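Since the structure comes first, as structure tokens, the remarks are kept for the end.
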2 protein chains.
Amino acid sequence: MVKTTTIHREKTPCQLCPLRRLPHFREFSREELSFVADFKKGELVVDPGATIFLEGAHSAHLFTILSGWGFRYKTLEDGRRQILNYVMPGDLVGLQGSIMGEMQHSTEALSPVSLCVFERTELMALYNKHPSLAFDLTWIAAREERILDEHLLSIGRRSALERAAYLLAYLHQRAKALHLFDGSNVIPITQQHIADTLGLSIVHTNKTLKKLSERGLIRWQERGCDVLNSKGLAALAEWDGLDGGRRPFI
Amino acid sequence: MVKTTTIHREKTPCQLCPLRRLPHFREFSREELSFVADFKKGELVVDPGATIFLEGAHSAHLFTILSGWGFRYKTLEDGRRQILNYVMPGDLVGLQGSIMGEMQHSTEALSPVSLCVFERTELMALYNKHPSLAFDLTWIAAREERILDEHLLSIGRRSALERAAYLLAYLHQRAKALHLFDGSNVIPITQQHIADTLGLSIVHTNKTLKKLSERGLIRWQERGCDVLNSKGLAALAEWDGLDGGRRPFI
DNA sequence: CGAGGATTTGAAGACCCTCAAATTATGTGG
DNA sequence: CCACATAATTTGAGGGTCTTCAAATCCTCG
């Protein structure tokens, strides 16, 4: 199948944004909302496997994920790939590039992904006119930093089993807060993605996931991982979980 | 030796800050400078080994490193430690905690460290009155994120030798840009720090550093690592180096 | 001079990797 | 709807990297 990219003009008005109804996100003032609605230039829809950003790009846009799953990654010259983090609805994509000039990682869609499109050139206006939203941008960057801290701890110091447990608990918790599951709890990734996130080979990843299955914590399904016992995974990894408070998004 | 902590009132006026003379940092307007000078409440001096922030703390302050080296780290319950990143002059310490409420990592001094002290409660005023400085804060957070991305790639996908080479090239490049070396190029860390940064045991770290020495890339000294060939280290790690442009700091 | 921390070395074993191949799912074209 | 090609998962075997345990040496500092 050919990977397509479709741009639409203004499909979902921000005032009716389905994400804003989730208790996971903080409430916005009318002024904030109208600014963001103006900031938004349109929507982009990409197929699974499509590249949203490529390392080295100087993009004129940044995005907020409206629906779908994706991931950020870097590669070494010989092809070794490290997945840095996953992106889900409400996540800002491309802030690093917008703030600092050049993208130093790539971003790829895991599922069909729709994105709200913003213009990088209008970012300064946000800082000038809406300090509260400017604060939110820093908040979002600080949150990403915090998550990366935990990932570093995981890759650096946890065993393969603990790492896998942490990752799946992490993804489950995030997706659950976003009401991304419809009964099934299935995370839409391949074992190759998990391997490249954990810094493990695919073979050892497979054997590690099997151990988690044998303990009744997960079940591997067609197209992804079904989390059966999220708390058990977190306990195995000695992971406290994410901050449960409400968070902003642009 | 007892670890002491000394607080001074306003020793170095921001207008005369030695860091501002470095070409590494961007120029500030008179208004920005006077705001920051007002924002600064005093200075703090800590001894090597002292804890600047402890995980879980809700600190009323945040800091900028004025001089010295330190590092951020997290630990698992059984004591396994992962060093997340190093802090050097011009780095903001405690932004995560100030923005999000609670510190989720600890920070410790490697050398004598002096810090400029800011009040967390005045952070919102910065966003309200100085959009350019607010942008800088996001910039600083995005930069940290970018560095953590590279560290993740390193720990996840590079071999022990490559990892060590990357870390030492990274530290050398940062310190060099800050004119931290006085002829010697010695990075003031122990092999235990390196091990905890790379996610390796201290034994294997020692053997890995020996290989780098044998290749003439470094030389281990009393109290630290002397980098003999920074480019060679970067090449070995397939690392492109940091963005050479000027950067902001508060 | 003695104590404690840091570095160094050796040896055995665990964990994880690579290689190889079988099996199962997925998608496409006829 | 079936046949084929491709992708993803699974399993086995052997080997290498890195870990742990143990102990010696060196250094710093009181």
Side-chain angles (χ1 to χ4, degrees), chain A residues 1-4 47-49 76 78-83 108 110-112 154-165 167-168 186-214 218-226, chain B residues 1-4 47-49 76 78-83 108 110-112 154-165 167-168 186-214 218-226:
Chain A
M1 185 178 62
V2 178
K3 279 154 184 97
T4 64
D47 284 334
L76 292 171
D78 62 7
R80 283 174 284 177
R81 179 176 76 168
Q82 178 63 41
I83 293 181
E108 184 176 318
L110 266 175
S111 67
S154 203
I155 300 199
R157 288 304 184 200
R158 283 195 248 250
S159 69
L161 195 68
E162 292 168 333
R163 266 183 250 185
L167 174 64
L168 295 170
V186 175
I187 296 167
I189 48 178
T190 68
Q191 296 187 8
Q192 184 67 65
H193 291 119
I194 294 187
D196 286 348
T197 311
L198 303 182
L200 299 172
S201 71
I202 183 151
V203 172
H204 196 65
T205 298
N206 179 273
K207 288 168 182 168
T208 301
L209 290 172
K210 191 177 179 185
K211 285 183 190 168
L212 291 179
S213 296
E214 284 163 358
I218 64 164
R219 188 173 43 190
W220 198 265
Q221 296 209 325
E222 73 295 352
R223 292 208 176 306
C225 179
D226 189 1
Chain B
M1 184 177 61
V2 178
K3 270 134 192 125
T4 62
D47 283 333
L76 292 172
D78 61 8
R80 284 175 284 178
R81 178 176 77 168
Q82 177 64 40
I83 294 182
E108 185 176 318
L110 266 176
S111 67
S154 203
I155 300 199
R157 288 305 185 199
R158 283 195 248 250
S159 69
L161 195 68
E162 292 168 333
R163 265 184 250 185
L167 175 63
L168 295 170
V186 174
I187 297 167
I189 49 178
T190 68
Q191 296 188 8
Q192 185 66 65
H193 292 119
I194 294 186
D196 286 348
T197 311
L198 303 181
L200 299 172
S201 72
I202 183 150
V203 172
H204 196 64
T205 297
N206 180 271
K207 289 168 182 168
T208 301
L209 291 172
K210 191 176 178 186
K211 285 184 190 169
L212 290 179
S213 297
E214 285 163 356
I218 64 165
R219 188 172 43 189
W220 198 263
Q221 298 209 324
E222 72 295 352
R223 290 206 181 305
C225 179
D226 188 2

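None of these values were measured; they are calculated from a predicted model. Quick note on labels: first sequence line is chain A, next is B, and so on, each numbered from 1.
Using a 4.0 Å cut-off between a side-chain N of Lys or Arg and a carboxylate O of Asp or Glu, A:Arg80 and A:Asp196 do not qualify as a salt bridge.
Scanning for side chain to side chain donor-acceptor pair (under 3.5 Å) contacts around B:Thr190 gives B:His193, with sequence neighbours left out. Considering only residues two or more places apart in sequence or on other chains, B:Glu222 meets the side chain to side chain contact (heavy atoms under 4.5 Å, CB included) condition with none of them. The salt bridge (charged side-chain N to carboxylate O under 4.0 Å, His left out) test applied to B:Arg163 returns no partner, not counting sequence neighbours. Qualifying side chain to side chain donor-acceptor pair (under 3.5 Å) partners for B:Gln221, counting only residues two or more places apart in sequence or in other chains: none. Remark: B:Ser159 engages B:Leu161, B:Glu162 in a side chain to side chain contact (heavy atoms under 4.5 Å, CB included) (not counting sequence neighbours).
Here A:Gly199 lies in heavy-atom contact (under 4.0 Å) with sugar-phosphate atoms only. B:Leu200 comes within 4.0 angstrom of sugar-phosphate atoms only, judged by non-hydrogen atoms across all strands, and of no base.
For the contact set between residues 203-214 of chain A and DNA chain D, defined by any heavy atom under 4.0 Å, the members are A:Val203, A:Asn206, A:Lys207, A:Lys210. Scanning residues 188-196 of chain A for heavy-atom distances under 4.0 Å to DNA chain C yields an empty list.
Comparing the axis of the opening five pairs of the helix from C:dC1-D:dG30 to C:dG30-D:dC1 with that of the closing five pairs yields an angle of 50°, rounded to 10°.
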Return all side-chain donor-acceptor pairs below 3.5 angstrom for residues 199-206 of chain B, not counting sequence neighbours, or 'none' if the list is empty.
unit_1   : atom_1 : unit_2   : atom_2 : d
B:Ser201 : OG     : B:His204 : N      : 3.1
B:Thr205 : OG1    : B:Ser201 : O      : 2.7
B:Asn206 : ND2    : B:Gln191 : OE1    : 2.8

Find every protein N or O atom lying less than 3.5 Å from an N or O atom of nucleotides 23-26 of chain D, and list the pairs.
none

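A salt bridge (charged side-chain N to carboxylate O under 4.0 Å, His left out) check over residues 201-211 of chain A, counting only residues at least two apart or in different chains, returns nothing.
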